[in-house]
Every structure is written in structure tokens, then in C-alpha cells.
Amino acid sequence: MIVAGAGIIGLTCAWRLAQKGMPVRLFDARETGAEASWAGAGMLSPGGEVAEDSPLARMAIDSLAAWPAFVKELEEASGQSIDYQTCGAIERACTDEEAQALRQRAAQQAAIGIRSDALNNFDRFYPGDAIVDPRDVTAALRIACLRAGVKLHEHEPVLEILPGGTSVRTAKAVYADDAILIAAGAWSATLCPPEFPKSIPVRGHLIAWDATGIRLGPILRYGHTYILQRARNGRIIAGSSTEYAGFDRTLNESIAAGIHARASLLLPTLASLKPSESWLGFRPGLEGDSTGPVIGKIAGGSPGSSLWAAFGHYRNGILLAPETARIVSESLIGR
């Protein structure tokens, strides 16, 4: 098995496939987990992402339920500690209209198994929401993959999938296998057949404070703004923005300042604190009206080819990683 892309999706799929006895080569243009997985805040929050029944909603709920056991297994496999906490989240409304919309959304969510409780007329608490540090997860996955026998090719991106769909070319060599998994996040479009959904980068800025003496507790959310806190070091992270700017890595200070201002409305203490860091990442969105993620065997192609996809997770790559890997590994092993 060749896996193109070593973010959290590619790493988790490679680990699960190797656990099932499949030889795996894992390729990435940089170090493992250095792009969207590194940039992500790590919210595991179906309540903030889905409002009604859909395949994505069911997948998100199942994946959230899998995270505690996934963390335990990964810690044991890697010997690394992972900053994971079920802290819940508070979703806020500021007007009567927003409060009514939040109540209606909560009723729809309750029908599919997402629980929330009214704190007052304007705020709801989602007790099942959790946080994980994705940098901990990808570091542990790298170790677990190597221990499971995955052959890791960092700084060696897959440049193309050769005709026939059973081999890939990098700058160093051509590698052949009986199956290829495209899990390159926002960069997946360069490897997919022309008729397949195209991945696109959706840039997002985040900022952080190395705050001492502040205990946030639950995630705080209002609209597209959120604040969360790492359990291990107390670091507070706020986000985010949604920008269609290609792969431009230029930090925009005005966007970061806007996030700071919005976060300060949720937590006024932040107004007088200077952020210690700002950064950005490229979420793997999909072009046009396509909705993600795209998971499974790619139909068509050359006879005998076995191309598989696991990309287009947009804001939910961290949340959906365990369930994505389960689907991919069970499908590939049972093909």
C-alpha cells in the first residue's frame, strides 16, 4: 500500500493498515503532520459542525465516540502522552433571534444523538465536546507507524500516479504497489483523475496566548469564533478565519487582530493580553458544490488500478481521523 500524504488522515490510515498486516509506504512533502494537522486547534465538536442528520453527521458522532479508546491505544503503541480532554463547549447567542436559532438547532441535533443543555436563554452547553492537541497525536502516530513497520518517506512527495494506477513517481524513484491511497489534504487535487472532486486550500489564521492564571474550562464558541485551552500547558488558542487565498503562507496581521478582537468579546481578559503566536494552515476543502470528505475507492481509471481517496475533510480532519481510518482499512482489507 502506498499512502500519499502524512497528515493525521494519512498517518492514521497507514497505522491501521499496518496493524492489519498490510505493508505500507507513507510519503509526504515535509515532515509528518507539518501542514493542516499541525495548524489545527483540535476541537472534537460535532455540536459545532453539524445541525441535522447526514452521512457526515453520523460519521462525526461515531468518530467522537471512538476518540477516548483511540487515544489510549495510541499512547500505548507510541509510549507518548497525548493532551486530550472532554471539557464540553458553550455555544453563545447574543440576540433573541440567535437564541431561537440555537434552540432550533439543538432540537435537530438532539434527534441524531448530540446532547446539549440550556444554561440560560442565550447559551447552551455541549457536554460531549472534547479537545485534543493534534501535534501530540501526529507525533505519536509517527512513532506508532514506524513500530508497526510503516516505511516512512518524509521530504519525498508523490509527484504523480503513473498510468495504470499501480505505481507512483517521486523525485527519487518510482514505487509500485497494488493499491494507492490519496490522503494529501489540500494538495490531493494534483494526484486525482480529472473527473474526481478537486481539493482546494481554505486558509485559516489562529492565534495563541501563553496565559497563566486563566482557567477557561469549556470551549467557548460564538459564530465562527472559538476559544479553547490546552490542559497540559494552559495555552489558550483562538480562531479562526476562512480565506480562499490559494497556498499563500503570508500571515495577515489584520486578520489575526480581528480574531483577537472577536475572542476578547467571548473572554474579555484576552483584550489586554498580547498573543504569543499567530499562524495559519490550509484546510482541505473541495471545489464547487462538492461536500466532503471523499473516502473510498476511486471508480474508473485503468483496468487493474486500485486508487483510493481519503481527503476533503475541511475543518474536521482531526475529529474524523479515527473513523476515516476504520472505513479505509476495513474497505481495503476486505476488497
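Since this is a predicted model, take the numbers as computed values, not measurements.
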- Query: Which residue pairs pass the salt bridge (charged side-chain N to carboxylate O under 4.0 Å, His left out) test when at least one of the two sits in residues 161-172, sequence neighbours left out?
  - Reply: Glu160-Arg169
- Keeping the roles fixed (side chain from Ser199, backbone from Ala186), state whether a donor-acceptor pair exists under 3.5 Å. yes
Report all side-chain donor-acceptor pairs from residues 63-71 shorter than 3.5 Å, counting only partners two or more places apart or in another chain.
| residue | atom | partner | partner atom | Å |
| --- | --- | --- | --- | --- |
| Ser63 | OG | Leu319 | O | 2.7 |
| Ser63 | OG | Glu323 | N | 3.2 |
| Trp67 | NE1 | Ile318 | O | 3.4 |
| Trp67 | NE1 | Leu319 | O | 3.1 |

- Message: Check whether Tyr126 forms a cation-pi arrangement with Arg221 (NZ or CZ under 6.0 Å from the six-membered ring centre, at most 45° off the ring normal).
- Response: yes
- Query: Rounded to the nearest 0.5 Å, how far does CD of Gln100 lie from OG1 of Thr95?
  - Reply: 10.5 Å
- Task: Only pairs at least two apart or in different chains count here, so list each salt bridge (charged side-chain N to carboxylate O under 4.0 Å, His left out) that has a residue in residues 8-20.
- Result: Arg16-Glu73
- Could you tell me which residues satisfy salt bridge (charged side-chain N to carboxylate O under 4.0 Å, His left out) with Glu98, sequence neighbours excluded, listed by chain and number? none
- Message: Apply the hydrophobic cluster definition, ILVMFWY joined by side-chain contacts under 4.5 Å directly or through others, and give me every member besides Val174.
- Response: Leu162
- Task: Go through Trp308 and Leu332 one step at a time and tell me if the side chain to side chain contact (heavy atoms under 4.5 Å, CB included) criterion holds.
- Result: CA-CA 9 Å; Trp308 296 72; Leu332 271 161; 3.3 Å; yes
- Leu270: hydrophobic cluster co-members (side-chain, 4.5 Å): Ile90, Leu119, Phe125, Ile207, Trp209, Ile214, Leu216, Leu220, Tyr222, Ile227, Ile236, Ile255, Ile259, Leu266, Leu267, Leu273
- Message: Using a 3.5 Å distance criterion without hydrogens, assess whether the side chain of Thr170 forms a donor-acceptor pair with backbone atoms of Ala173.
- Response: yes
- Would you find a donor on one side and an acceptor on the other, under 3.5 Å apart, between the side chain of Trp279 and the backbone of Ala39? yes
- Item | Qualifying salt bridge (charged side-chain N to carboxylate O under 4.0 Å, His left out) pairs, either residue in residues 201-215, two or more places apart | Arg203-Glu243, Arg203-Asp248, Asp210-Arg235
- Message: So, using side-chain contact (heavy atoms from CB on, under 4.5 Å) as the criterion, who are the partners of Ile143 when residues are at least two apart?
- Response: Ser78, Gln80, Arg147
- Item | Set of side-chain contact (heavy atoms from CB on, under 4.5 Å) partners for Ala309, sequence neighbours left out | Phe196, Val294, Ile298, Phe311
- Message: Looking at Glu154 and Arg30, would you say the former's side chain and the latter's main chain have a donor-acceptor pair under 3.5 Å?
- Response: no
- Message: For a side chain to side chain contact (heavy atoms under 4.5 Å, CB included) check, start with the C-alpha distance between Met59 and Ile327, then their side-chain angles and the critical distance, and finish with the verdict.
- Response: CA-CA 10 Å; Met59 186 179 180; Ile327 294 169; 4.1 Å; yes
- Residues two or more places apart in sequence or in another chain: which of them pass side-chain contact (heavy atoms from CB on, under 4.5 Å) with Ala77? Trp15, Ala144
- Query: With no hydrogens and no angle check, do the side chains of Ser81 and Arg232 hold a donor and an acceptor under 3.5 Å apart?
  - Reply: yes
- Task: Not counting sequence neighbours, which residues clear side-chain contact (heavy atoms from CB on, under 4.5 Å) with Arg315? List them please.
- Result: Glu49, His224, Arg283
- Message: Between Ser240 and His205, is there a side-chain donor-acceptor contact under 3.5 Å, judged purely by atom types and distance?
- Response: no
- Just checking, any donor-acceptor pair under 3.5 angstrom between side chains of Glu91 and Tyr226? no
- Task: For residues 259-275, pull every pair meeting side-chain hydrogen bond (donor to acceptor under 3.5 Å, both in side chains), keeping only residues two or more places apart or in separate chains.
- Result: Thr225-Arg262
- Indicate yes or no for a side-chain donor-acceptor contact from Asp83 to the backbone of Val132 under 3.5 Å, with no hydrogens or angles considered. no
- Query: Do the side chain of Arg105 and the main chain of Ala51 share a donor and acceptor less than 3.5 angstrom apart?
  - Reply: no
- Check for a donor-acceptor pair, side chain of Asp28 on one end and backbone N or O of Ala6 on the other, with a separation under 3.5 Å. yes
- Query: Quick check: does any side chain N or O of Ser331 sit under 3.5 Å from a backbone N or O of Val328, one acting as donor and the other as acceptor?
  - Reply: no
